[in-house]
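In what follows, a structure is listed as structure tokens, so that the remarks can point back to it.
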Amino acid sequence: MVSTDRLLAFAALSLLLIVIPGPSVLFVVGRALAHGRRAALTTVAGNTLGAYVLVAAVALGIGPVVERSALLFTALKLAGAAYLVHLGVRTWRQRGSLRAALTRSGPPERSGLRTLGEGFAVGVANPKTMVFFAAVLPQFVDRAQGRVPLQMLLLGLVFNVLALVSDSVWGLAASAARGWFARSPRRLSAVGGVGGLTMIGLGMAVAVTGRKD
């Protein structure tokens with residue numbers, strides 16, 4: 001199995017990547033501002049599941065294929081970017097409904113399964129995480145110990161636990177700030193707009209960043 005030294009080194013490197021806000025964090029913050037704490041935490045759960053699918057892909061040998069293929073990588077990146085823009089536009093168009101829903105019965109209700117699915121889609125299409133797993137994860141495997149896929153799955157689990165904690169903190173902080181916005185109808189309407197524009201901008205950023213080959 002993975003030695004303690006390798007595990008700690010990978011955890012430290014993972015933490016450095018995780019604390020820098022990327023697509024997952026910004027998406028969670030946008031969901032928290034637009035729909036509250038429950039939606040934010042459900043999004044985090046979906047995001048984590050999506051990221052672990054990437055871990056499994058690398059463990060099964062798919063990750064290096066994506067990393068070597070500029071066409072496949074670009075296709076996945078653009079698909080994720082388009083999905084973020086789609087969600088951002090929808091959030092922007094529905095920003096007025098936030099105030100009405102909160103006035104009627106508290107925070108607007110959303111399907112937990114749909115929210116989980118949206119988080120999963122963003123997590124599995126996150127180019128930052130995709131490249132990290134494909135390029136870095138294999139470097140911490142001790143091939144002499146055997147069971148390479150199992151080692152990768154363990155390392156990926158460490159990354160995802162750290163990301164789960166970090167993203168949850170971001171989501172809780174953003175949802176707490178949402179309470180301040182909710183005390184003013186005008187502020188609350190702005191929440192949906194900010195969340196929507198954030199996701200649109202994030203999608204555009206994802207589309208234009210990354211490898212150029």
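These numbers were taken from a predicted model, which means no experiment stands behind them.
- Taken from CG in Leu155 to CZ in Phe133, the straight-line distance is 10.0 Å, to the nearest 0.5 Å.
- Among residues two or more places apart in sequence or in another chain, the side-chain contact (heavy atoms from CB on, under 4.5 Å) test is passed with Leu157 by Tyr52, Val161.
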Give the C-alpha distance, both sets of side-chain angles, the deciding distance and a yes or no for side chain to side chain contact (heavy atoms under 4.5 Å, CB included) between Gln151 and Arg6.
CA-CA 11 Å; Gln151 292 185 54; Arg6 287 173 183 260; 5.8 Å; no

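- The two residues Asn160 and Ala51 make their nearest non-hydrogen contact at OD1-CB, 3.2 Å.
- In this structure, CG on Leu13 lies 12.5 Å from CG on Leu8, to the nearest 0.5 angstrom.
- Using cut-offs of 30° and 60° for the angle between ring planes, the Phe159 and Phe10 rings count as tilted.
- In terms of heavy-atom proximity, Ala32 sits nearest to Ala40 at CB-CB, 3.6 Å.
- A distance-only check finds no donor-acceptor pair linking the side chain of Ser166 to the backbone of Leu162 [under 3.5 Å].
- Remark: Leu41 engages Arg37, Ser168, Leu172 in a side-chain contact (heavy atoms from CB on, under 4.5 Å) (not counting sequence neighbours).
- Looking at every heavy atom in both residues, Thr115 comes nearest to Ala39 through CG2-O, 3.4 Å.
- The nearest pair of heavy atoms linking Leu7 to Val158 is CD1-CG2, 3.8 Å.
- Scanning all heavy atoms of the two residues, the minimum distance from Gly123 to Leu54 falls at O-CD1, 3.6 Å.
- Residues Val53 and Met152 fall within the same hydrophobic cluster, defined by Ile, Leu, Val, Met, Phe, Trp and Tyr side chains chained together at heavy-atom separations under 4.5 Å.
- To the nearest 0.5 Å, atom CG of residue Asp167 and atom OG1 of residue Thr43 are 10.0 Å apart.
- Hydrophobic cluster membership of Leu164, counting Ile, Leu, Val, Met, Phe, Trp and Tyr whose side-chain heavy atoms lie under 4.5 Å apart directly or via other members: Val28, Val44.
- Separating the CD atom in Glu118 from the CG atom in Leu113 is a distance of 10.5 Å, to the nearest 0.5 Å.
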